[in-house]
Visitor: 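I'd like to ask some things about the structure below.
Sequence positions, counted from 1, serve as the residue numbers for this chain. Reckoned from all heavy atoms, side chains included, excluding hydrogens, waters and symmetry mates.
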Amino acid sequence: MEKTETRKLAEEYLRLGGTRQVMIDDNKTFVRQWQHEPAEAERFWQTHIENLDAERLKDVEFFLPSMNSDMNSDKGK
């Protein structure tokens with residue numbers, strides 16, 4: 001299966017050490033960043049991702065690590 005352009009952008013951002021995470025609630029995405037990230041990852045986000053149109057930006061955000069799964073990781077233990 002071929003990777004989409006937005007997935008490639010998200011993966012490159014994360015490979016550079018990007019720390020942003022996404023929270024998905026009622027089909028809306030919210031991106032949070034609590035940790036400092038490497039300057040290279042920050043530049044990549046600003047140059048290649050931040051200025052995407054809303055639909056493509058949402059697609060990139062979908063491929064970021066999810067805070068939703070972190071919040072649910074302790075359930076069932």
Side-chain angles (χ1 to χ4, degrees):
M1 179 177 202
E2 188 173 328
K3 293 181 183 178
T4 63
E5 177 188 356
T6 53
R7 182 172 182 168
K8 289 177 186 177
L9 287 170
E11 287 178 350
E12 179 62 11
Y13 165 75
L14 294 171
R15 187 191 71 75
L16 294 170
T19 60
R20 288 175 169 92
Q21 293 182 318
V22 66
M23 182 170 155
I24 302 170
D25 187 23
D26 290 332
N27 293 325
K28 295 179 185 173
T29 58
F30 306 92
V31 174
R32 301 287 188 253
Q33 180 183 18
W34 286 282
Q35 299 176 14
H36 178 73
E37 63 186 0
E40 191 173 5
E42 178 67 26
R43 276 192 304 275
F44 186 85
W45 183 271
Q46 292 173 353
T47 303
H48 299 285
I49 299 172
E50 190 172 78
N51 297 317
L52 293 173
D53 63 71
E55 185 176 328
R56 290 177 65 215
L57 178 59
K58 187 175 180 178
D59 286 347
V60 171
E61 292 170 348
F62 177 80
F63 292 109
L64 295 176
S66 172
M67 292 187 298
N68 298 64
S69 61
D70 291 344
M71 292 186 322
N72 295 322
S73 63
D74 292 334
K75 290 186 178 180
K77 288 186 177 180

Visitor: Taking all heavy atoms of Ala41 and all of Gly17, pick out the closest pair and write down the distance.
Guide: CB-C, 4.0 Å

Visitor: Just to verify, what does Arg15 make a salt bridge (Lys or Arg N to Asp or Glu O under 4.0 Å) with, not counting sequence neighbours?
Guide: Glu12

Visitor: About how many Å separate CE of Met67 and CZ of Phe30, when rounded to the nearest 0.5 Å?
Guide: 9.0 Å

Visitor: Which residues satisfy the side-chain contact (heavy atoms from CB on, under 4.5 Å) test with Gln33, sequence neighbours excluded?
Guide: Thr19, Arg20, Glu37, Glu42

Visitor: Rounded at 0.5 Å granularity, tell me how far NZ in Lys8 sits from NZ in Lys3.
Guide: 8.5 Å

Visitor: List the atom pairs, with distances to 0.1 Å, where a side-chain N or O of residues 55-64 and a protein N or O form a donor-acceptor pair under 3.5 Å, not counting sequence neighbours.
Guide:
residue	atom	partner	partner atom	Å
Arg56	NH2	Glu5	OE1	3.1
Arg56	NH2	Glu5	OE2	2.7
Lys58	NZ	Asn27	O	3.0
Glu61	OE1	Thr29	OG1	2.6

Visitor: If I take atom CD from residue Glu40 and atom CG from residue Leu16, how far apart are they, to the nearest 0.5 angstrom?
Guide: 4.5 Å

Visitor: Mind checking whether Trp45 and Met23 sit in one hydrophobic cluster, side chains of I, L, V, M, F, W, Y counted as touching below 4.5 Å?
Guide: no

